Amino acid sequence: MSTSRRSVPLLKTLIAQKSQTRAVTYMPRPGDGAPRPVTLIPGDGIGPLVTSAVEQVMEAMHAPVYFEKYDVHGDMKRVPLEVIDSIKKNKVCLKGGLRTPMGGLPTRHENVDIVVIRENTEGEYSGLEHEVVPGVVESLKVITKFCSERIAKYAFEYAYLNNRKKVTAVHKANIMKLADGLFLESCREVATKYPSIKYNEIIVDNCCMQLVSKPEQFDVMVTPNLYGNLVANTAAGIAGGTGVMPGGNVGAEHAVFEQGASAGNVGKEKIVDQKKANPVALLLSSAMMLRHLQFPSFADRLENAVKRVISEGKYRTKDLGGYSTTQEVVDAVITNLD
Amino acid sequence: MATQVLRRRLGQILSQANPKPNSKLSLAKAFSSATAPIRATLFPGDGIGPEIAESVKQVFKTAEVTIEWEEHYVGDQIDPRTQSFLTWESLESVRRNGVGLKGPMATPIGKGHRSLNLTLRKELNLYANVRPCYSLPGYKTRYDDVNLITIRENTEGEYSGLEHQVVRGVVESLKIITRQASLRVAEYAFHYAKTHGRQRVSAIHKANIMQKTDGLFLKCCREVSEKYPEITYEEVVIDNCCMMLVKNPALFDVLVMPNLYGDIISDLCAGLIGGLGLTPSCNIGEGGIALAEAVHGSAPDIAGKNVANPTALLLSAVTMLRHLNLHDKADRIQNAILSTIAEGKYRTADLGGSSTTTDFTKAICDHL
């Protein structure tokens, strides 16, 4: 278990840094405290286990949210219409984990101290493939100025509003000159509108290498689709694994929160049976959700409780080097709520 | 500048004067134990290239490796026959000799002509890029137990270079996967695993999203794996792979991947063992051509200052020797390099020391 132990100290320092920079001020308008509905999709595998963890903790905090639960499974051909309607109505959704990803909403991801903002509607995952002749297959990677600009704007806006100092664009424009070149152009244009935020560019292979050796040089990273997937998972591995990475997918009108890295713990039957899945990632994602709903104080309480439990070290699931079950970690978080 | 032109011209004259028979490698192997020297093409490259190439030549001379170097330089005008700065003569030289060693070459970003490295790959049909990554004893990184090989398909995939603008503001880039190329690289991966005694080959993919393209790649790998039942074969999704590599690299043995993933993963693995300055690499082409190369950049900021680290180019030269079946010489040189680094007395700046390139080279020669 030496690798897990090695990653946890890093996790601790990353978390410690984050709490030092956070400042909260909150002036509510009358009626802001009314309970907000949130669509909840437990999903497959460890999904139900970790979403029930979130439900328990929200209840214990008396947070002003209530969940509308829907059953969606990865093997369904499409997301049921009633679920989409619910998400459109509530505008916020919390997702446990589906064996194949749910499509249709523009998405970004978030990480512990590095924030990876990933364009998620186009790029390599357009799904446009065809067989030219038998034995030769083509896949289209589409990059548009519209989507690149949109994601660049969100990245800089995020950095600006969260007092982040640097935005790094990740690309491979030395080889894919037109496609990634267009992405970089859009990023550069947006960068000129935020002169107080430092902007630089890094080639994706160098980026992965630097992440592995010197991750502290990165702050906010903005990437097209595929690189974002890889960078987010690499960063997750460095920060302690999928078990602790929160993730938020934000669109123009809706938001879906789930575990930050997709590497499949969803399918691990053994973990589901023994009820040992790590609920930390989804708990931190639900804290992000609370911030999105503009309940920062609840979000802070939840995050502080989770941090205390992790740093104490008594209740940790297997992927962090401990032996606790999901329920034990949840109970520990609830007792640590102030 | 003038010396470069002179050298190139000299090279041309020499190659014209000594036409070699076309059976390259078998002939080379047959003669390797005899006194006839093996001819190898050397591209010193840009920036720190010439200094580290000098280092390699010196070590080989001290180790009494019977290799005669044919040096070629990149021109400053586009050769219409190759559509790049590399001349046709350089490419012919590699084709004739069957082995080569390449230093770092600079590629300007976003200019529109073909990148030099891509030119070499396409023209020489270098279909597999092999990068052995193992932790160097004596140079401590956060990962001590790395011992894996990344084998990357090198001719197609996402780097086909086929891009076009559909309408203003919309660009398409084509990713091509063919059965022939995938089979070829899979064959090489399993063959390599067998000849080097490796137990497991993992194919890295994203076939859950790119079902047809990566699906075809996987199908080809599966077909080849059936011919090697003694080697374990597994398939790993790229996100999982990234995460597992960063948490526990000992889980992997031989990795085979399409082009883009291979690029990123092989650099990631280089990061695990200490960076590109220490990573060897070898490109395998049709007909047994091997072009070993140093994968780091040309580092123009430290060029000419005698502080560059020649380890990557030296280790790549060692893989070139192994390809030529000169295993005893390869082992001797490799051990000399590893023990010099492990000793810690002579280390270049990037490894935390303060020796010059020439001192480091001399230390290796002393260890032989």
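As the structure is a computational prediction, the values presented were derived from the model and not from experiment. In what follows, every chain begins at residue 1, and chains take the letters A, B, ... in the order their sequences are listed. FYI, side chains are in, hydrogens and waters are out, and symmetry mates aren't considered; it's all heavy atoms of this structure.
- Contact between A:Met209 and B:Gly271 at its shortest, heavy atoms only, is CG-CA, 3.2 Å.
- Looking only at distances, no side-chain donor or acceptor of A:Glu138 sits under 3.5 Å from a matching main-chain atom of B:Leu174.
- In this structure, the separation between OG1 on A:Thr234 and CG on B:Asp239 is 9.0 Å, given to the nearest 0.5 Å.
- For chain A, no part of B:Glu156 is nearby; none of its heavy atoms comes within less than 4.5 Å.
- By the 4.5 Å heavy-atom criterion applied to side chains, A:Cys208 and B:Asp267 are not counted as neighbours.
- Rounding to the nearest 0.5 Å places CG of A:Asp205 at 7.5 Å from OG of B:Ser266.
- Residue B:Arg168 holds its CZ atom at 13.5 Å from OG1 of A:Thr144, rounded to the nearest 0.5 Å.
- For A:Leu182, the part lying near chain B is the side chain, with the backbone staying farther off; criterion is any non-hydrogen pair under 4.5 Å.
- Ranked by heavy-atom pairs under 4.5 Å with chain A, the list B:Val171, B:Val167, B:Leu260 is led by B:Val171.
- Heavy atoms of B:Ile177 lying under 4.5 Å from chain A belong to its backbone as well as its side chain.
- Between chain B and the residues A:Val204, A:Ile143, A:Val142, A:Val133, the most heavy-atom pairs under 4.5 angstrom are made by A:Ile143.
- Atom OG in A:Ser139 sits 11.0 Å away from atom CD1 in B:Ile209 (nearest 0.5 Å).
- Top candidate by heavy-atom pairs under 4.5 Å with chain A, chosen from B:Gln165, B:Gln211, B:Gln180, B:His164, is B:Gln211.
- A distance of 7.5 Å separates CG of B:Asp263 from CD1 of A:Ile175, quoted to the nearest 0.5 Å.
- Residue with the most contacts toward chain A among B:Leu162, B:Val170, B:Thr213: B:Thr213 (heavy-atom pairs, distance under 4.5 Å).
- A:Asn233 and B:Cys242 make their closest contact through CB-CB, 4.3 Å (heavy atoms, listed as atom of the first residue, atom of the second, distance).
- Of the two parts of B:Phe217, neither the backbone nor the side chain holds a non-hydrogen atom closer than 4.5 Å to a non-hydrogen atom of chain A.
- With a 4.5 Å cut-off on side-chain heavy atoms, A:Lys177 and B:Glu163 count as touching.
- At least one side-chain heavy atom of B:Lys206 sits less than 4.5 Å from a side-chain heavy atom of A:Asn229.
- In this structure, chain B has a heavy atom under 4.5 Å from the side chain of A:Tyr227, while its backbone stays farther away.
- Neither the backbone nor the side chain of B:Leu245 comes within less than 4.5 Å of any heavy atom of chain A.
- Interface remark: of the candidates B:Met244, B:Arg179, B:Met210, B:Met210 forms the most heavy-atom pairs closer than 4.5 Å to chain A.
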